[in-house]
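Okay, so here's the structure we're looking at.
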Amino acid sequence: MNKLPSPQDIAMLYGNRFLTEDAPSGDFPDGGMSALDAMRLVDEELALEGDPNRNLATFVTTWMEPEAQRLIAENLYRNFIDHAEYPISAEIEQRCIGMLADLYHAPGETTGARTQGSSEAIMLGALSLKWKWKERREARKKPVEAPNLIFGGDVHVVWEKFCRYFDVEPRIVPLQEGKYVIGPEDVEPLIDENTIGVAAVLGTTFTGHADDIVGINKLLVDLKGDRGLDVPLHIDAASGGFVWPFLYPDSEWDFRLEQVRSINVSGHKFGLVYPGIGWLVFREKSDLAEDLVFYENYLGKTDATFTLNFSTGASMVLAQYYNFVRLGRQGYTYIMEAMEKNARALADRLESCGDFELIGAGKEQLPLVAFKLVEGKNYDEFDLSWQLSAERGWMLPAYTLPPDAEDVKVLRALVKETLSRAQIDRLAADIATACATLEKKGGAHPSERKQVKTGTGY
Ligand SMILES: Cc1ncc(COP(=O)(O)O)c(C=O)c1O
């Protein structure tokens with residue numbers, strides 16, 4: 001007589017063991033499950049995750065062409081750092097750095113690095129600022145105990161992180177109501193001989209505008225002439241580095257300006273690659289402090305590395321190169337202009353309905369709409385963010401600006417490649433409907449407000 005299968009065997013036969021069991025969590029599982037079950041367990045859990053296509057908060061790429069996706073999938077097993085075994089991937093990294101240096105008008109031969117994102121690029125770039133400052137001070141037999149770095153309250157949190165991790169005094173220019181970027185007048189009073197550099201942003205996380213980079217550069221050039229203080233300027237072009245060259249090619253913010261010594265950019269933002277890629281580019285080879293480069297004999301070949309991480313996949317470097325050769329200047333320009341047009345279309349719709357005020361409209365800006373409610377509403381931006389997500393699933397972040405502009409509440413919609421004109425119209429209509437609901441009910445419940453997406457998104 002045939003033995004009846006055990007419940008375990010039945011589960012193996014029909015799959016979905018996890019359907020009637022808690023998902024493994026906390027304790028390391030004693031036994032496993034079938035590959036199909038494991039895949040479905042993860043897949044089904046993710047069904048309740050936010051939908052990247054309705055995420056208006058993130059700057060990060062949420063769509064790539066199938067050909068690029070194929071390249072990524074086919075190269076996931078390649079460890080980028082193994083330069084000896086994978087010299088072509090390393091060469092492709094160098095080609096990308098060369099192309100970015102060209103895009104940013106580097107005057108001659110230069111160097112740079114592929115990173116995990118702008119955060120790693122900023123840590124490395126700022127470390128180089130610190131080391132170069134130390135070199136200059138030691139050459140003059142001056143003390144090197146109290147380095148400082150100047151930036152505005154409009155920067156990403158990574159700049160403060162750098163200062164804390166690497167023992168540098170942050171000198172932060174506060175924002176004010178109506179002034180959300182910084183200029184030379186803010187920087188000048190903070191500079192002294194211990195300033196390792198000034199960081200300026202091209203495309204801030206908060207409103208998408210640029211600091212007055214031309215003005216800050218002029219201040220630093222004058223300072224070099226008048227006081228002999230050579231203070232380098234680093235540009236945090238995490239988002240703007242793939243927008244300004246195509247939307248505002250005549251606007252000077254890069255190596256065309258004398259004191260700009262290094263630039264970071266996120267490939268995974270407007271570089272249009274999936275997460276996991278950033279770039280650091282120096283003006284000249286000598287802007288990278290030689291002490292930060294490690295030469296090691298790795299698997300029989302001398303390898304020079306300048307990174308915080310070691311092993312990482314090659315896929316995103318290859319995907320970045322794919323985008324560069326696939327799109328070129330013409331393709332990037334076309335895509336950036338399309339996003340910009342759709343951002344303006346959304347801005348027009350929001351402004352004309354009379355409920356909103358745009359922030360910094362008409363200035364050079366990332367393809368996004370930063371806006372706030374007009375005075376006199378019986379609900380606020382946080383209520384609207386909640387209502388819109390509850391009604392239609394849009395993730396539209398609401399947040400307050402950094403000090404001293406923390407009383408200003410902002411909503412901000414990124415307009416990316418996936419947001420077509422039809423989607424823009426739908427979004428504008430959904431925002432109007434959410435406003436109408438709130439007019440009637442007078443704001444969200446406090447428990448709903450607790451669930452609002454308050455981060456600026458990355
Ligand atoms: C201006 C700016 N700098 C740095 C970063 C950090 O970039 P990443 O996420 O690539 O590390 C961001 C991310 O949003 C940013 O907007």
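All values derive from a computational prediction rather than experimental measurement. Both counts, for ligands and for their atoms, begin at 1 and track the order of listing. For the single chain, residues carry numbers from 1 onward in sequence order.
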Subject >> Lys269 touching ligand 1 at heavy-atom level, < 4.0 angstrom >> reply: yes

Subject >> Part of Ala238 with heavy atoms under 4.0 Å of ligand 1, whether side chain, backbone, both or neither >> reply: side chain

Original post:
Should the pair Phe306 and Phe282 be assigned to parallel (<30°), tilted (30 to 60°) or perpendicular (>60°) ring geometry?
Top reply: tilted

**OP:** Would you check whether His268 reaches within less than 4.0 Å of ligand 1, judged by its heavy atoms?
**Re:** yes

Original post:
Heavy-atom distance under 4.5 Å between the side chains of Phe324 and Leu100, does that happen here?
Top reply: yes

Subject >> Test of ring centre spacing under 6.0 Å for Trp159 and His234 >> reply: yes

**OP:** Inspect the contact between Asp287 and Lys132 and indicate whether a charged nitrogen and a carboxylate oxygen are less than 4.0 angstrom apart.
**Re:** no

Original post:
Using heavy atoms and a threshold below 4.0 Å, how should the contact between Ser266 and ligand 1 be classified: side chain, backbone, both, or neither?
Top reply: side chain

Original post:
Under 6.0 Å between the ring centres of His209 and Phe206?
Top reply: no

**OP:** Number the atoms of ligand 1 from 1 as they appear, then name those within less than 4.0 Å of a heavy atom of Gly117, with their elements.
**Re:** 10 (O), 11 (O)

Original post:
Using the ring of each side chain (for Trp, its six-membered ring), is Phe59 parallel, tilted or perpendicular to Phe270, with breaks at 30° and 60°?
Top reply: perpendicular

Subject >> Polar atom proximity, Thr205 to ligand 1 (N or O, under 3.5 Å) >> reply: yes

**OP:** State whether the shortest distance between N or O atoms of Ser119 and N or O atoms of ligand 1 falls below 3.5 angstrom.
**Re:** yes

